[in-house]
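Side chains included, hydrogens not; waters and symmetry mates left out as well; all remaining heavy atoms used. Numbering of residues begins at 1 and proceeds along the displayed sequence.
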Amino acid sequence: MISACLLLSSPAIPSNQASAKSEAKTYNNCKELNKDYAGGVAQSDSVKNKGGKTKYKPFVSKALYDANKKSDRDKDLIACEK
């Protein structure tokens with residue numbers, strides 16, 4: 001009975017938040033990231049590249065961008081764009 005009360009009173013982590021964090025891989029550098037995502041990773045569909053014309057369209061994923069935003073040197077919300 002006591003263990004049932006403890007389970008009911010403890011806050012649970014929603015499964016979608018836990019899986020989103022585990023799916024977002026952190027890459028050491030742009031060369032590694034571009035092997036999996038040739039156009040880089042954008043935070044959202046609405047961001048625009050500041051660096052000019054690119055060869056590839058970036059993959060859109062907020063979780064993946066957040067895990068690798070250290071690689072977004074020009075701070076345009078697209079990491080490792082090509």
Side-chain angles (χ1 to χ4, degrees):
M1 179 77 175
I2 293 173
S3 61
C5 290
L6 289 174
L7 285 174
L8 293 174
S9 65
S10 66
I13 298 173
S15 62
N16 62 349
Q17 285 182 351
S19 64
K21 288 181 183 177
S22 64
E23 290 176 16
K25 181 178 178 180
T26 301
Y27 293 88
N28 290 327
N29 55 44
C30 285
K31 186 175 181 179
E32 288 183 12
L33 188 141
N34 289 137
K35 285 180 184 176
D36 292 337
Y37 305 99
V41 178
Q43 186 182 46
S44 72
D45 281 328
S46 63
V47 298
K48 301 292 181 203
N49 181 18
K50 287 183 184 175
K53 187 173 176 148
T54 57
K55 188 174 182 180
Y56 303 103
K57 185 176 179 179
F59 179 77
V60 177
S61 169
K62 181 172 176 13
L64 191 58
Y65 173 82
D66 288 344
N68 294 284
K69 71 173 159 182
K70 68 180 183 334
S71 296
D72 184 9
R73 288 183 263 150
D74 58 0
K75 307 294 184 222
D76 63 353
L77 302 180
I78 306 171
C80 302
E81 62 267 25
K82 271 184 150 179

key: Atom NZ of Lys75 with >12 non-hydrogen neighbours under 6.0 angstrom   =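 Enclosed.
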Output the distance between atom [atom1] ([X]) and atom [atom2] ([Y]), rounded to the nearest 0.5 Å.
X: Ser71; Y: Ile78; atom1: OG; atom2: CD1; answer: 13.5 Å
X: Arg73; Y: Cys80; atom1: CZ; atom2: SG; answer: 7.5 Å
X: Glu32; Y: Thr26; atom1: CD; atom2: OG1; answer: 11.0 Å
X: Thr54; Y: Glu81; atom1: OG1; atom2: CD; answer: 7.5 Å

inquiry  = Determine whether a donor-acceptor pair (N or O, by modelled atom type, separation under 3.5 Å) exists between the side chain of Asp72 and the backbone of Leu77.
reply    = yes
Flag, side chain of Asn68 to backbone of Lys25, donor-acceptor distance under 3.5 Å = yes
remark   = Residues at least two apart in sequence or cross-chain that pass salt bridge (Lys or Arg N to Asp or Glu O under 4.0 Å) with Lys70, listed by chain then number, are none
ask   = Phe59 and Val47: same hydrophobic cluster, using ILVMFWY side-chain contacts below 4.5 Å?
value =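 Hydrophobic grouping puts Phe59 with Val47.
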message = Between Asp36 and Tyr27, do the side chains contain a donor N or O and an acceptor N or O under 3.5 Å apart?
response =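 Their side chains do contain a donor-acceptor pair, which is all the 3.5 Å distance test asks for.
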